[in-house]
Amino acid sequence: MSCIEDLKVYVYNCNRCRLSQRRKNVVFGEGNINAKLMLIGEGPGEEEDNTGRPFVGKAGKLLDRMLEAINIKREDVYIANIVKCRPPNNRVPFEDEAKSCIVYLRKQVAIVKPKIIVCLGATAARYVIDENIKITKDRGVWYKKGDFYIMATFHPAALLRDENKKKLAWEDLKNIKAMYETLP
Ligand code: URA
């Protein structure tokens with residue numbers, strides 16, 4: 001069995017935080033384990049909890065269209081979340097939940113070894129890039145951490161709530177595509 005499959009089985013049995021008590025399914029993450037690009041969201045919503053798959057609800061449909069717009073196939077990237085179980089009413093994960101779950105994300109990153117990590121929204125940016133990051137100010141900026149180029153952009157759910165953010169998100173997407181093409 002591959003490393004990622006072992007990790008998945010482990011996470012499926014996780015009870016490290018209160019979110020495990022109400023979940024229907026663990027949303028471990030999915031995609032190409034050799035992906036050059038890894039996308040990180042906040043946590044599962046209702047449809048993700050029902051299906052066990054990341055970004056399959058409304059925000060996920062928009063994410064699919066965003067990837068299509070830059071000619072990157074969803075099956076070529078790896079998609080994961082900060083927390084693997086749905087927070088009640090889709091609230092932002094509490095810090096203790098995020099901190100106990102992020103060990104799994106770190107392992108996923110270590111296995112996939114993406115060249116580029118894109119944080120979708122403030123929660124992912126906060127736990128992956130810097131706890132003081134401000135998505136409106138700091139989105140679209142490349143951070144180099146170890147071997148990774150990391151950028152934060154708006155969460156697709158934020159784009160659904162506020163159309164005015166789409167123009168900036170499109171700039172970020174073009175920027176991500178350019179980096180994707182530049183790196184081997
Ligand atoms: N929002 C997220 O942050 N992650 C998902 O998987 C779905 C919606």
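These numbers come from the heavy atoms of this one structure, side chains and all, not from hydrogens, waters or symmetry mates. Note that ligands are numbered from 1 as they come in the structure, with each ligand's atoms numbered from 1 the same way. In what follows, residues are counted from 1 in the order of the sequence shown. This structure is a prediction, so every number in the text was calculated from the model and none was measured.
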State if H155 counts as touching ligand 1 under the rule of any non-hydrogen atom under 4.0 Å.
yes

Any heavy-atom pair between the side chains of W142 and I116 that's under 4.5 Å?
yes

Check: F55 N/O within less than 3.5 Å of ligand 1 N/O:
yes

Quick one: look up the protein heavy atom nearest atom 4 (N) of ligand 1 and list residue, atom name and how far away it is.
N81 OD1, 2.8 Å

Is any NZ, NE, NH1 or NH2 atom of the basic residue among R74 and E30 found under 4.0 Å from an Asp or Glu carboxylate oxygen of the other?
yes

Please give me the minimum heavy-atom distance between E97 and C17, naming the atom from each residue.
CG-SG, 3.9 Å

Should E171 and R139 count as an ion pair when the cut-off is N to O under 4.0 Å?
no

Contact atoms of ligand 1, heavy-atom distance to P54 under 4.0 Å:
6 (O)

Shortest protein contact, atom 3 (O) of ligand 1 (heavy atom only)
E42 N, 2.7 Å

Paired with M38, the side-chain contact (heavy atoms from CB on, under 4.5 Å) test is passed by just one of V77, L105, I79, namely L105

Which segment of E48 sits under 4.0 Å of ligand 1 when only heavy atoms are counted:
side chain

With heavy atoms of G41 as the reference, note each atom of ligand 1 found under 4.0 Å away.
3 (O)

Is there a polar contact, in the sense of an N or O pair closer than 3.5 Å, between G43 and ligand 1?
yes

Do L37 and L39 come close enough that some side-chain heavy atom pair is under 4.5 Å?
yes

